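Taking it in order: structure first as structure tokens, then the write-up.
Chain naming here is simple, since letters A, B, ... match the order of the sequence lines and numbering starts at 1 in each. Since the structure is predicted, the reported quantities are computational estimates derived from the model, not experimental observations.
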Amino acid sequence: MAKQLYNPPSPLETRVLSKRFGLEGSETLDVYLANDGFKAFLKAKEMTPEAIIEEVKTSALRGRGGAGFPTGLKWSFVPRTSPKPRVLVVNADESEPGCCKDRLLIEYDPHQLIEGILIASLAVDAHVGYVYVRGEYRYLVEKMDRAIEEAYARGYLGDNVAGTGWKFDLHTHSGAGAYECGEETALLDSLEGKRGVPRMKPPFPAVAGAWGMPTLLNNVETFSAIPPIIRDGGAAFAALGTPKNGGTRLMCLSGHVNKPGVYEIPLGFPMMKAINELGGGMRNGKKLKAVVPGGSSCPLLKADECDIPMDYDTLAKVGSMLGAGGMVVLDEDTDMVKFALRIMRFYQHESCGWCIPCREGTTWLRKILQRFSDGHGRREDISLIGELSKNMLGRTFCALGDAAAMPTISIVEKFTEDFEKYLVAKEAVAV
Amino acid sequence: MTFSPQLEQRFAKLLTRYPEGRTRSAVIPMLIYAQDEVGAVTRELIDEVAKRCKVTPVQVDEVVGYYSMLHRKPQGKFHVQVCTNISCLLVGGEELYEHAKKKLGVGHKETTADGQFSLEEVECMGACSWAPAVEINYDFHHHVTPEKLDQLIDGLRKAQ
């Protein structure tokens, strides 16, 4: 592996989850223990499951995998007293274009993740967990395996966790290349050894998940936020962010900025400040054209819509999403037709084919966008792209259809002039 | 089929990881780890994994057809995966992929005549903040330029 993935600490960041990044041996249990490790688990062990969940609710932590659902509420849905055993699943399938944060949390602080999982296990009375890692992240499967092995050897996993008598087993599980498996029910099918296709909901995984057992499924970053929340209190975490948008999150900055990287910032951090200060401004002195705020499935924002704080509710108000933290910055020279085509090529490739609106919709949208990009677009295609996309919205089992439609609708509506340019060029050739 | 002791050990662990009677869960990890050793998911491997996980061969076969990293034919010794998804696209991912095609003389999912290199245009692999990115087998390479890719490929060739 080449050089480290984290940035030199910036005063603009608020490092809570990433505070150990950069410490020599941050991936080892010794360094973890020497830097607040397992204090939270021991504290949680003395709390009732209800009190743990209450603390997580107080923190206003929202799922970092993309949907932004309140984590404490999700935990409260798991029937703790079910006669069926409860299962914990960590979603480390990070596949949303623009997102690359979970890599760092596993690579540089796997024991923080383990501790977060253990605290969740207390809250829902679970005794087994699986870390589902995408196949392309093989080196992280190895790193996670090493951390798990070390935790077992030192008594932080197994029959007597940290000497408390708590029993918990944790395993890794490798995927084999499928964006769809980041969707929680498809992930569960994949964990069961099947093709990763989404399930009908309800029942939700909290009630009937892996092997029909009640399952708590959260993103790597969500679990990693739990130790600081329990250690320092939910209120302290909540106070870092804005109301209903607690804490900090890892933002993956990429595209046309001078300093792309993964930065930990509080919820509510101003978007323009992220671009101009954290990101060091636009590359080559170009002007900002658009921003993908949270990963490829989020509707794009035009430059004049970007003067906003980055929290879930503000993004929803402007018609987009904070997603999984993948912020992609586009400069004035970006060809939005080509950009829309690349997004649709991705979704068409990754559509699992289970639902017809998504399977056929992404295929036809790709064809139309390809035709446009090749210079054979027709004026009526512009409205057809929007119309076809809207026909996919809400008509599929999982959110992949929506994920393909939403950015496409935003591009064709907000950047119509980019499509017009292709028509003008075509007419010029015809003359 | 016989595998290396390391792989056998891995299989043994995998089969005990899941709740009782749920060995089907081991199918996908078993396939990908075995593929690394065997070179491809062969008919024989499908039957072997089915036997070990106590499922039918068709239940393994349908999985092979679904996951993009599982392949039935051998790839090059070095499988060069170039990302052209949005973050890479913005900073030269497509140009890098075109360069890789010329450099290796092969196209998408093709292998060089000597069996050393295969090429694939891949979807986002989670290296967006260090784009453009290339993964060769399981090794990530970040901020890759055409020159850097040449050096990487030439280096691997020389090491032969």
Of all heavy-atom pairs between [X] and [Y], which one has the smallest distance, and what is that distance?
| X | Y | result |
| --- | --- | --- |
| Ile32(B) | Gly175(A) | CD1-O, 4.0 Å |
| Glu192(A) | Arg24(B) | O-CG, 3.4 Å |
| Cys124(B) | Ser95(A) | CB-O, 4.2 Å |
| Leu253(A) | Ser129(B) | O-OG, 2.9 Å |
| Cys100(A) | Cys128(B) | SG-N, 3.8 Å |
| Pro19(B) | Tyr130(A) | CD-OH, 3.6 Å |

Residue part contacting chain B, namely of [X], when any heavy atom lies under 4.5 Å:
| X | answer |
| --- | --- |
| Val328(A) | side chain |
| Arg134(A) | side chain |
| Glu350(A) | side chain |
| Val141(A) | side chain |
| Cys252(A) | both |
| Cys352(A) | both |
| Asp145(A) | side chain |
| Leu140(A) | neither |

Would you give the length of the straight line joining atom [atom1] of [X] to atom [atom2] of [Y], rounded to the nearest 0.5 angstrom?
| X | Y | atom1 | atom2 | result |
| --- | --- | --- | --- | --- |
| Ser68(B) | Glu136(A) | OG | CD | 6.0 Å |
| Thr334(A) | Ile86(B) | OG1 | CD1 | 11.0 Å |
| Ser296(A) | Glu123(B) | OG | CD | 9.5 Å |
| Asn85(B) | Tyr179(A) | CG | OH | 9.5 Å |

Self-check item: Largest heavy-atom contact set with chain B, pairs under 4.5 Å, which of Ser254(A), Cys181(A), Pro85(A)
Solution: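 Among Ser254(A), Cys181(A), Pro85(A), the one with the most close pairs to chain B is Ser254(A).
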Quiz item: In terms of heavy-atom pairs under 4.5 Å, which option from Met327(A), Lys194(A), His349(A), Glu94(A) contacts chain B the most?
Solution: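 Of Met327(A), Lys194(A), His349(A), Glu94(A), Lys194(A) has the most heavy-atom pairs under 4.5 Å with chain B.
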Practice problem: Over 60° means perpendicular and under 30° means parallel, so classify the ring planes of His173(A) and Tyr18(B), tilted if in between. | Solution: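 Perpendicular.
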Quiz item: With a 3.5 Å cut-off and no angle check, do the side chains of Arg138(A) and Tyr138(B) form a donor-acceptor pair?
Solution: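 Yes, Tyr138(B) and Arg138(A) have a side-chain donor paired with an acceptor closer than 3.5 Å.
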Quiz prompt | Pair Tyr66(B)-Ser190(A), side-chain donor/acceptor within less than 3.5 Å | solution =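 Side-chain D/A pair, Tyr66(B) to Ser190(A): absent.
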Quiz item: Are more than 12 heavy atoms from other residues, nucleotides or ligands located less than 6.0 Å from atom NZ of Lys51(B)?
Solution: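 Check fails, neighbour count at 12 or below.
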Quiz prompt | Atom CD of Glu8(B) with >12 non-hydrogen neighbours under 6.0 angstrom | solution =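 Yes, enclosed.
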Quiz item: Does Arg103(A) use its side chain to pair, donor to acceptor, with the backbone of Gly126(B) at less than 3.5 Å?
Solution: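 Yes; judged by distance alone, with no hydrogens or angles, the pair exists.
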Quiz item: Within the side chain of Arg17(B), is there an N or O that forms a donor-acceptor pair under 3.5 Å with the backbone of Thr172(A)?
Solution: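 Yes; at least one donor-acceptor contact below 3.5 Å.
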Quiz prompt | Pick from Ile28(B), Val55(B), Thr23(B) with the largest number of heavy-atom pairs that fall under 4.5 Å of chain A | solution =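 That would be Ile28(B).
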Quiz item: Side chains of Phe140(B) and Leu5(A): does their closest heavy-atom pair fall under 4.5 Å?
Solution: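 A side-chain contact under 4.5 Å is absent here.
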Side chain, backbone, both or neither: which part of [X] has an atom under 4.5 Å from a heavy atom of chain A?
| X | answer |
| --- | --- |
| Asp36(B) | side chain |
| Thr84(B) | both |
| Glu135(B) | side chain |
| Ala131(B) | neither |
| Glu94(B) | side chain |

Practice problem: Check the pair Arg283(A), Val91(B) against side-chain contact (heavy atoms from CB on, under 4.5 Å), reporting the backbone distance first and the verdict last. | Solution: CA-CA 10 Å; Arg283(A) 234 171 50 153; Val91(B) 291; 3.5 Å; yes
Self-check item: Audit row: Leu90(B), Phe339(A), side-chain contact (heavy atoms from CB on, under 4.5 Å) steps and yes/no
Solution: CA-CA 9 Å; Leu90(B) 294 177; Phe339(A) 197 77; 4.0 Å; yes
